[in-house]
Amino acid sequence: QVQLVESGGGLVQAGGSLKLSCAVSDRTFRSYTLGWFRQAPGKEREFVSAISVSGRNFNYSDSVKGRFTISRDNAKNTVYLQMNSLKPEDTAVYFCAARILSRVVTDATEYDYWGQGTQVTVSS
């Protein structure tokens with residue numbers, strides 16, 4: 001069973017930064033496409049970012065482009081999301097996800113494994 005464990009969430013003021021981490025307990029980590037999604041209260045889960053197996057291809061939602069950076073460390077089985085210039089509308093539970101197939105996609109239904117989420121709250 002593949003397990004994903006997010007960490008790094010918390011409370012931050014608008015304009016601040018946070019770095020989320022997601023540790024994946026699978027020795028085939030380097031073969032997964034990895035993504036970050038978020039879900040705010042009363043809203044549907046939405047795509048934030050994804051990174052390819054090679055780490056050279058990325059995708060970002062328009063709402064975070066230029067502010068968030070996704071990266072992966074295959075030696076540590078970990079994917080990161082650096083979040084800068086945070087806004088109150090970034091407040092949500094953030095989930096990491098892993099996809100067996102190699103294509104970078106934004107559809108949550110295309111991901112096979114999910115973490116439990118970490119809360120990010122941005123105060124104004």
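Nearest heavy atoms, S17 versus N84: OG-OD1, 2.9 Å. Closest approach of V79 to S71, counting heavy atoms only: CG2-O, 3.2 Å. Residues F47 and T106 share a closest heavy-atom pair of CB-O, 3.4 Å. Heavy atoms only, all atoms of each residue included: T91 and V122 are closest at OG1-N, 2.9 Å.
The aromatic rings of W114 and F37 sit tilted relative to each other, their planes meeting at an angle between 30° and 60°.
Here the straight-line distance linking atom NZ of K19 with atom CE of M83 works out to 11.5 Å at 0.5 Å rounding. Between the OG atom of S52 and the CZ atom of R72 there is a distance of 7.0 Å, given to the nearest 0.5 Å. With values rounded to the nearest 0.5 angstrom, S124 atom OG is found 14.0 Å from K87 atom NZ. Atom-to-atom distance recorded for R103:CZ and E110:CD is 6.5 Å, nearest 0.5 angstrom.
Residue L4 is grouped with residue I70 when hydrophobic side chains (ILVMFWY) are merged at heavy-atom distances under 4.5 angstrom, including chains of intermediate members. L11 and V93 are members of different hydrophobic clusters when ILVMFWY side chains are connected at heavy-atom separations under 4.5 Å. F29 and V104 fall into different hydrophobic clusters, where Ile, Leu, Val, Met, Phe, Trp and Tyr residues are linked whenever their side-chain heavy atoms come under 4.5 Å apart, directly or through other members.
More than 12 heavy atoms of other residues, nucleotides or ligands lie within 6.0 Å of CD in Q82, so this atom counts as buried by the packing criterion. Applying the 6.0 Å contact sphere to NZ of K76 captures no more than 12 heavy atoms from other residues, nucleotides or ligands.
With contacts defined as side-chain heavy-atom distances shorter than 4.5 Å, the pair D112/V2 does not qualify. A heavy-atom distance below 4.5 Å is not found between the side chains of L20 and E6. Inter-residue side-chain proximity for C22 and L34 is flagged as unmet; no heavy-atom pair is nearer than 4.5 Å.
L18 pairs with exactly one of T118, L81, V120 by the side-chain contact (heavy atoms from CB on, under 4.5 Å) rule, that one being V120.
Pairs passing the ring pair (Phe, Tyr, Trp, His ring centres under 6.0 Å) check and including a residue from residues 50-88, sequence neighbours excluded, do not occur. Every pair passing side chain to side chain donor-acceptor pair (under 3.5 Å) that includes a residue from residues 28-38 is listed here, sequence neighbours excluded: D26-T28, D26-Y32, T28-Y32, R38-E46, R38-S63, R38-D90, R38-Y94.
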